[in-house]
Amino acid sequence: MTDSGLNNTLEPKDYRVRMAPSPTGSPHVGLVRTALFNWAFARHHGGTFVFRIEDTDKARNTEESYDGLIDLMRWLKLDWDEGVEVGGPYGPYRQSERSDIYADALARLRASSHVYECYCTGEETTARYEERLAAYKAAKAEGIKGEAPAQGYDNYCRDLSEDQIKAYEAEGRTSVPRFRMPDGSITFNDLVRGEVTFETKHVPDYALARANGDPLYTLTAPVDDATMNITHVFRGEDLLSSTPRQIALFDAFVEVGLAERAPEFGHLPYVMGQGNKKLSKRDPEAHALKYREAGFLPEGLLNYVALLGWAIAADRDIFTMEEMVEAFEIHDVVKNPARFDVKKAEAINASHMRLLPVEEITHRVIPYLKADGVVSDPVSDPDAQMLEQAMPLVAERINKLGEAPDMLRFLFVPEADFALDEEDAAKLLDEAGLEVVQASYDALNGLSTWSTAEIQDALTAALIDGLELKPRKAYGPVRVAVTGKRISPPLFESMELLGRERTLGRLKAVLGK
RNA sequence: GCCCCCGUCGUCUAGCGGCCUAGGACGUCGCCCUCUCACGGCGGUAACGCCGGUUCAAAUCCGGUCGGGGGUACCA
């Protein structure tokens, strides 16, 4: 048994965690959760959060994806103390720039007894498995009980003689370095799951590099964690079963002087999509940056994502990142996978919206208004004034920043471009509706003062008292005529903001005059 | 096949042997507020996978079983 425990002289301020994504495709919400928990752990303990990039797979990495990762982390304000873009004492922080380090590590390992050369081809390995399987089945048919053969590499080249090696080399075969798993079992204390034990006979010897010399993930990640002095590794549960081989590797590192000890591990449960499938890049809700596009607040997304496997208290869902940092303990992380629920994410986001003062929401909504061409870029003075007055009306009725443009557009469009929603117009501006609009026009036209209160009084007198309409019936057509839609900010306030000229103009336009 | 992980309302979770006729949140349903929408308020709905065991007492501990997931690569 191997003990992976840290020596207990380690102080919380010395804790070093990392997140190490591969820059392939657009960043995933599962990655946000992993980043958040690592970050919260580091901040809670006063440790260090490292951001490293695992870009050894040249074929799949893109610079665009890398930019997306940086963009995402900055938007979320998950700041890192060391890593790409900011540097640090253990750089470089991109694996593609660390070839020398891996070559050196591999050379040391090869000089030890922990690594041997394997000359097998993949076909040979599977062929041997088929053979074992056939033999097992044959024996079973005859009633002989035995252990079913394991799939995967069978440690065939473990103890090759000098002659055999020479023969293979003479054949012109290439070889890969394989790590020799020790006998016995490996037990480690997973910080979220508790004690986990693997019998090493179930863990085949594994390749550390390709035949062409390129190091594999099995080597690079542990080497980086060792050389960057990472003390705790929190990652997805898909890596749980590769942990024993990494711990064994770390033991070899210690022997060859690459590490002082293995880090502690904690395996975070999956973030799932619909059904029982891990949220994949194919699912639209998987893409983290989409939430920014939709107008999520970073603190809203983060709060929701934190809830996927962690709870701050039994009766509380809404909290700030400061509060999370204060309360976060890795031991409290739940073991079972969580489904990502967009509806709840939106609700949590809405709660955060309500926590913000109007001025802040205004500030944050501007990029969305610009993107949709609702306000000028840069924002003109009149636009800024209008916004300042209009935002109190809409701030509490939107759940995402991205909902603001549609709600505000009617206040900003030039009259020439103002258009009615066809469906709403067809529904509400029928004969009866136009009568209402006519009555409204007449009532408002004579107004001496243009204020919310005056407007409301005039319309109430004309429509509710005069035409004896239900408020619902009365204001619907007017709303469509003035704002273009059935759904809008409060009508009387909107009219005041729009001004007498534009309001009356729109009413008249509907009446066809 | 073999190894490992996981199993409380539809969903996310609280629960660490008695505080549980299982709490909160989202969803959903009903009501109230209301010029639309949204907000807000009130109320309802709904769960310990199953079987054994330990115990005076089990959602909580143990065993089994079923179900789900991951691994078993010269992918990460």
Side-chain angles (χ1 to χ4, degrees), chain A residues 20-22 24 54 56-57 59-60 118 120-122 125-126 129 133 136-137 147-153 174-178 190 193 196-199 201-204 206-214 216-218 220-221 235-244 267 269-270 272 275-278 304 307-311 313-318 334-348 350-351 353-354 394-399 403 407 424 428 456 459-460 463-464 470-476 478-480 483 485-494:
Chain A
S22 293
T24 59
E54 307 217 328
T56 43
D57 191 342
R60 293 198 298 151
C118 170
C120 302
T121 63
T125 304
T126 50
Y129 167 70
L133 188 65
Y136 164 75
K137 279 181 178 166
E147 216 169 298
Q151 232 165 38
Y153 186 64
T174 57
S175 68
V176 296
R178 265 188 204 280
D190 189 292
R193 275 146 219 281
V196 181
T197 300
F198 287 81
E199 298 295 328
K201 67 180 173 191
H202 297 301
V203 185
Y206 60 97
L208 295 172
R210 294 195 168 92
N212 69 8
D214 286 350
L216 292 167
Y217 165 81
T218 50
T220 58
R235 35 127 75 155
E237 66 172 307
D238 46 332
L239 274 335
L240 180 59
S241 44
S242 68
T243 304
H267 290 88
Y270 274 128
M272 318 279 279
N276 276 329
K277 289 172 303 190
K278 183 183 168 191
Y304 174 66
L307 257 17
L308 265 21
W310 184 75
D315 55 357
R316 194 172 161 214
D317 269 0
I318 306 298
V334 158
K335 294 188 273 253
N336 44 308
R339 230 156 302 246
F340 192 96
D341 180 354
V342 178
K343 282 242 179 72
K344 179 149 184 178
E346 286 178 342
I348 298 289
S351 299
M353 292 278 288
R354 262 152 251 141
V394 306
E396 73 166 15
R397 32 178 48 85
I398 58 176
N399 291 329
E403 292 164 10
M407 197 145 276
D424 290 348
L428 290 173
Q456 176 160 14
L459 288 181
T460 304
L463 309 180
I464 312 297
K470 293 265 184 219
R472 198 181 187 86
K473 279 280 181 195
Y475 302 124
V478 185
R479 184 185 304 282
V480 173
T483 71
K485 291 187 304 183
R486 241 185 323 176
I487 297 169
S488 82
L491 184 57
F492 315 123
E493 286 85 345
S494 296

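Letters go in sequence order (proteins before strands), and every chain restarts at 1. Heavy atoms only: backbone and side chains are in, while hydrogens, waters and symmetry mates are out.
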Point to revise | Partner nucleotide, any strand, of C61(B) [Watson-Crick/G-U, under 3.5 Å] | key: G53(B)

Point to revise | Results of side-chain hydrogen bond (donor to acceptor under 3.5 Å, both in side chains) for Arg235(A) - residues two or more places apart only | key: Thr243(A), Gln246(A), His267(A)

**Study point:** Whole-Å P distance, G1(B) and G10(B)
**Key:** 30 Å

Exercise for review: Remember a base hit wins even if backbone is also touched, and classify Val478(A) as base, sugar-phosphate or nothing at under 4.0 Å, heavy atoms.
Suggested key: nothing

Exercise for review: Sort out the partner of G1(B) for me: Watson-Crick or G-U wobble, both distances under 3.5 Å, none otherwise.
Suggested key: U72(B)

**Study point:** Gap in Å between the two C1' atoms, one belonging to C9(B) and one to C26(B), rounded
**Key:** 12 Å

Check your understanding: Just by distance, do the side chain of Asp424(A) and the backbone of Val480(A) share a donor-acceptor pair under 3.5 Å?
Key -> no

Between the protein and nucleotides 61-64 of chain B, list the N/O to N/O atom pairs that are separated by less than 3.5 angstrom.
none

Revision key, fill the gap. Quick tally for nucleotides 71-76 of chain B: nucleotides whose base has a protein heavy atom under 4.0 Å get B, sugar-phosphate-only ones S, the rest -, giving SBSBSB

Check your understanding: Heavy atoms under 4.0 Å, any strand shown: does Val196(A) hit a base, just sugar-phosphate, or nothing?
Key -> sugar-phosphate

Point to revise | pair Ile487(A)-Met407(A): side-chain heavy atoms closer than 4.5 Å | key: yes

Check your understanding: Is Thr56(A) reaching over with its side chain to a backbone N or O of Tyr217(A), donor-acceptor style, under 3.5 angstrom?
Key -> no

Review point. Given atom CZ of Phe340(A) and atom P of C12(B), what is their separation to the nearest angstrom?
Key: 13 Å

Study note, to complete from the structure: Applying the 3.5 Å cut-off to both distances, the Watson-Crick or G-U partner of C16(B) turns out to be none

Review point. Roughly how far, to the nearest 0.5 Å, is CG of Leu491(A) from OG1 of Thr483(A)?
Key: 7.5 Å

Check your understanding: Can you list the residues that meet the ring pair (Phe, Tyr, Trp, His ring centres under 6.0 Å) rule with Tyr475(A), with sequence neighbours excluded?
Key -> Phe492(A)

Point to revise | Rounded C1' spacing from U72(B) to G53(B) in Å | key: 35 Å

**Study point:** Which residues share a side-chain hydrogen bond (donor to acceptor under 3.5 Å, both in side chains) with Thr126(A), sequence neighbours left out
**Key:** none

Review point. What is the distance from NZ of Lys201(A) to C1' of C3(B), rounded to the nearest Å?
Key: 11 Å

Exercise for review: Quote, to the nearest angstrom, the P distance that separates C16(B) from C35(B).
Suggested key: 48 Å

Review point. Are Cys120(A) and Tyr153(A) side-chain neighbours, meaning at least one heavy-atom pair lies under 4.5 Å?
Key: yes

Check your understanding: Does Asn336(A) make a side-chain N or O approach to OP1 or OP2 of U8(B) shorter than 4.0 Å?
Key -> yes

Point to revise | Residue pair Arg210(A) / Leu216(A), side-chain heavy-atom distance below 4.5 Å | key: yes

Practice item. Determine the interatomic distance between C1' on G67(B) and the same-named atom on G30(B); round to the nearest Å. Key: 36 Å

**Study point:** Tyr304(A) side chain to Asp341(A) backbone, donor-acceptor under 3.5 Å
**Key:** yes

Could you list, one pair per line, each protein nitrogen or oxygen that sits under 3.5 Å from a nitrogen or oxygen of nucleotides 41-43 of chain B, together with the distance?
none

Study note, to complete from the structure: The side-chain contact (heavy atoms from CB on, under 4.5 Å) partners of Ala20(A) (sequence neighbours excluded) come to Arg18(A), Arg52(A), Glu54(A)

Review point. Can you find a pair of side-chain heavy atoms, one from His202(A) and one from Ser241(A), that are under 4.5 Å apart?
Key: no

Check your understanding: Got a second to check how far Gln151(A)'s CD is from Thr125(A)'s OG1, nearest 0.5 Å?
Key -> 12.0 Å

Practice item. Could you pull out all residues at least two apart from Arg354(A) that satisfy salt bridge (charged side-chain N to carboxylate O under 4.0 Å, His left out)? Key: none

Exercise for review: Report the base-pairing partner of C66(B) (Watson-Crick or G-U wobble, both distances below 3.5 angstrom), or none.
Suggested key: G7(B)

**Study point:** Distance, P atom - from G44(B) to C6(B), rounded to whole angstrom
**Key:** 36 Å

Point to revise | side-chain hydrogen bond (donor to acceptor under 3.5 Å, both in side chains) partners of Lys344(A), counting only residues at least two apart | key: Asp317(A)

Point to revise | Reading 5' to 3' through nucleotides 33-39 of chain B, protein heavy-atom contacts under 4.0 Å coded B for base, S for sugar-phosphate only, - for none | key: --BBBBS

Practice item. For Glu237(A), enumerate each residue passing the side-chain hydrogen bond (donor to acceptor under 3.5 Å, both in side chains) test, keeping only those at least two apart in sequence or located in another chain. Key: none

Exercise for review: For each nucleotide in nucleotides 18-30 of chain B, reading 5' to 3', give B when a protein heavy atom comes within less than 4.0 Å of its base, S when such contact involves only the sugar-phosphate, and - otherwise.
Suggested key: -----BSBSS---

Review point. What's the spacing between Arg397(A) CZ and Met353(A) CE if we round to 0.5 Å?
Key: 12.5 Å

Review point. To the nearest Å, how far apart are Leu240(A) CG and C5(B) P?
Key: 7 Å

Check your understanding: Once you round it to whole Å, what is the distance between C1' of C5(B) and NZ of Lys335(A)?
Key -> 10 Å

**Study point:** P spacing across the pair A57(B) / A46(B), given as an integer number of angstrom
**Key:** 30 Å

Check your understanding: Roughly how far, to the nearest 0.5 Å, is CE of Met272(A) from CG of Asn336(A)?
Key -> 10.5 Å

Point to revise | C1' spacing across the pair G17(B) / A59(B), given as an integer number of angstrom | key: 11 Å

Review point. What is the base-pairing partner of G43(B), counting Watson-Crick and G-U wobble geometry with both distances under 3.5 Å?
Key: C29(B)

